[in-house]
Amino acid sequence: MSEIVVKAEKLVRRLGGEVPVTLVDEVSLDIAMGEFVAITGPSGSGKSSVLYLLGLLDSPTSGRLFLNGVETSRLDDDQLADLRLAEIGFVFQSFFLLPEFSALENVMLPMQRLGRLSGGAMRERAADLLAAFDLGEQLHKLPRQLSGGQSQRVAIARALANDPPLILADEPTGNLDVHASQNVMRIVRDLAHGGNRAVVVVTHEPFFAESADRMITIIDGKIWTPVPDRKEAIVVPR
Amino acid sequence: MNRVLFLIATKHVLARQRQSIVSTLGIVLGVAFFLAVAGLMQGSQSDFIRRLIDTSPHITISDEFRLPRAQPVETVYASGAVDLRSAKPANEPRGIRGYERILETLRAIPGTRASPVLNGQGLVRIAGTDVAVSLSGMIPSQMRDITVVADDMVAGSIDALAADANGIIIGDALAKRLAIGVGGMLPLAIGDGQTHFLQVVGLFHTGRMNYDESQAFLNLKRVQSLLGRPARVNSIIVKLADPYQARVVASRVEKSGGYKSVSWQEATEDLMASLAIRNVIVYAVVGAVLVVAALGIYNVISTTVMEKRRDIAILKSIGFHARDIQLIFLFEGLLLGIAGSVLGLMLGAALMWSLGKVTMKYPGTSEDYPLPVDWSIFVFLIGLAFAMGASLSAAFLPARKGARVNPAEILRGS
């Protein structure tokens, strides 16, 4: 059996206030190393909320989450940040590159925070990552000088900077044209299948979701499980 | 790791050039204004104290007592319940008894110079008006050591006073009023009603109009004879190697001899208190200017935090700690503070230099003097510390707010 990277047990995320809202409702799942998982569902169903919980950006109201066997609910904010830095790479719909930093500097940021490599080695690794995504000529360009597809590839390179075992992508093709989307889809699929890494993608794109090893559908914050004999129950009127 | 935080802070500051320049300008002007005012204040205070120390005795021992002498009954029954009322001190002849012994004791202190003086009053009639003249009888050979009259001499010399027992040195303003010069005879009326003619052997000019019009120096023996008080002095003036020891030495002298010994610090206590109050007021005003300038920095960093909430969320999602975020914005305050301080110190130094070139006539003086500006490193350090403190304090609150940004909320909203 493959090594489990993420294990979620009955994760609940509830927002307080006068009218409490349940964003995530008892979600349990396992994600194995080398697996490419797509999370789908209608808008507002809680897909991104699940992703943020898996990425330790948000804390569950209840339930337990294990990352590489480490139980995360007892960790403080700094320990969670350290886990995010070393174990998780994020890719967002709006790229979220720092606007004042060049493509190269954006990719170097996680490595600089981790501080395991020398300055030269960081620069070399960042340049290699960008070159692998056909951005070798764009190293010193600012995000505003890059196209959407290029920006998203820079964001993917940044997510891979510290070589994390888990990549989480929130609608990575949502802001891209067809050509750029296909390019990003191919890259993301290759990431999952190319090495010791698990990839979880939240997407609305049916083609993208169907190309995943596994598809999880979230509806009203819960994992939706299809009823096997549901089709037979549907009566089509003459 | 702090390098990357500093880099992010630098990029933020450079990306908001206009706002950064405006907020820095506040600090620049605040620091420059602070330096100019503090330099002038410290300068005038130091100049005042220096003049005081140079021109006045460090200790003046006079033939007075602070408290009436203890009555025999109080000495005999020191621990008894004695209540002595309306005791009249015995009339004693004026003058310091055994002043030679006091002088010897004082001169035993290394670097100390002491000289006996007999002060008195005389009158000079000018155009039908009697003008009071303060007479100071001194030993001419000691005058050079203990007074600055020698430095202020504009005609004649102190040595001539030793050579001519009937000589007198007066201020040039008095000489002008009398239309008299060196070699002329000065008619001086003393309390006995007689007019004595003294030969002017020297003129001095201090620039203080009142002093130049009313002070005269004579040979000690001549004043003793004029006032009919042979072998008497009513004051001893003392100069110390370290003027700031005056209070201690004066207290010691008074304890041993009983005569009132006033240090220069005691004599000018009210003035020193006024200077201290003046300092507090001016520093408070200048401090307020820097606080206003710091509000500019607060505004810029606060706005940056608001605008950079998404970037903060990204950094946190990457794995930056809350403390890192706080440091980024504190570095921004530091950068603005350093830029403002350095430029402010330069502008302040230029202002101080310009003020040092301004000359003006002080009240009571007859000459133009340059404004005294203190170039002490402490003024610069205080300005720097104040500006940096204000900048960092201004950055602290927005930085803390930035550190508390919840990345999930921001990213979900985006």
Side-chain angles (χ1 to χ4, degrees), chain A residues 13 15 23 44 46-49 51-53 55-60 76-102 105-116 119 122 142-143 155 158-159 161-162 164 168 170-171 175, chain B residues 1-21 300-301 303-329 331-332 335-336 399-414:
Chain A
R13 179 66 174 112
L15 295 181
L23 299 174
K47 306 184 296 293
S48 295
S49 297
L51 198 77
Y52 293 151
L53 287 176
L56 311 177
L57 281 177
D58 203 0
S59 301
D76 64 24
D77 285 349
D78 286 350
Q79 289 170 317
L80 291 174
D82 289 339
L83 267 184
R84 279 199 300 274
L85 184 64
E87 309 282 336
I88 303 171
F90 279 100
V91 180
F92 298 98
Q93 179 178 357
S94 303
F95 326 131
F96 286 162
L97 300 175
L98 295 192
E100 299 90 3
F101 285 69
S102 68
E105 289 168 331
N106 263 288
V107 178
M108 284 172 70
L109 271 176
M111 294 187 266
Q112 287 174 313
R113 178 61 187 84
L114 193 62
R116 282 187 190 154
M122 285 183 212
L142 293 172
R158 186 178 66 187
N162 287 335
L168 302 175
D170 189 7
E171 304 269 12
N175 278 351
Chain B
M1 195 267 289
N2 282 345
R3 260 175 72 181
V4 67
L5 305 181
F6 196 75
L7 181 70
I8 296 171
T10 310
K11 297 241 182 197
H12 281 177
V13 169
L14 292 178
R16 301 172 56 82
Q17 276 176 9
R18 193 186 302 168
Q19 293 92 330
S20 298
I21 288 170
V300 166
I301 296 179
T303 310
T304 310
V305 168
M306 287 300 292
E307 286 182 0
K308 295 289 178 188
R309 281 160 66 85
R310 204 191 64 165
D311 289 7
I312 294 169
I314 296 166
L315 290 170
K316 282 194 161 183
S317 76
I318 287 174
F320 282 73
H321 292 194
R323 199 185 58 241
D324 298 336
I325 306 299
Q326 192 163 351
L327 270 177
I328 288 172
F329 293 103
F331 280 149
E332 288 184 30
L335 280 170
L336 293 174
R400 201 174 59 165
K401 196 173 173 185
R404 288 177 178 172
V405 164
N406 180 344
E409 273 177 26
I410 305 298
L411 298 172
R412 198 179 278 132
S414 298

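When reading the values below, keep in mind they use all heavy atoms of this one structure, side chains included, and skip hydrogens, waters and symmetry mates. What you are looking at is a predicted structure, and each value in this text was computed from that prediction instead of being measured.
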Report yes if some heavy atom in the side chain of A/P99 is under 4.5 Å from a heavy atom in the side chain of B/K308; otherwise report no. yes

Expected output: side-chain B/K401 to main-chain B/V305 donor-acceptor under 3.5 Å: no

With chain B, which of A/D58, A/L57, A/L85, A/D78 has the greatest number of heavy-atom pairs at distances under 4.5 Å? A/D78

Check the orientation of B/F6 and B/F331. Use parallel for under 30°, tilted for 30 to 60°, and perpendicular for over 60°. perpendicular

Of the backbone (N, CA, C, O) and the side chain (C-beta and beyond), which part of A/I88 lies under 4.5 Å from a heavy atom of chain B, both, or neither? neither

Sequence neighbours left out, what passes side chain to side chain donor-acceptor pair (under 3.5 Å) with A/S49? Give chain and number order. none

Relative to chain B, which segment of A/E105 carries a heavy atom at a distance below 4.5 Å: side chain, backbone, both, or neither? side chain

Check whether any side-chain heavy atom of B/H321 lies under 4.5 Å from a side-chain heavy atom of A/R113, and answer yes or no. yes

Given B/A313, B/A322, B/G319, the one with more heavy-atom pairs under 4.5 angstrom with chain A than any other is B/G319

Under 3.5 Å, is there a donor on one side chain and an acceptor on the other for A/R84 and B/S317? no

Please flag which part of B/L315 lies under 4.5 Å from any non-hydrogen atom of chain A: side chain, backbone, both or neither. side chain

Answer yes or no: is there a side-chain heavy-atom contact under 4.5 Å between A/V91 and A/L168? no

Heavy-atom distance under 4.5 Å to chain B: side chain of A/L51, backbone, both or neither? neither

Segment of A/D82 engaging chain B (4.5 angstrom heavy-atom cut-off): both

Is B/I314 close to chain A through its backbone or its side chain, or both, or neither, when contacts mean heavy atoms under 4.5 Å? side chain

Using a 4.5 angstrom heavy-atom cutoff, name the option from A/R158, A/M108, A/Q93 with the most pairs to chain B. A/R158

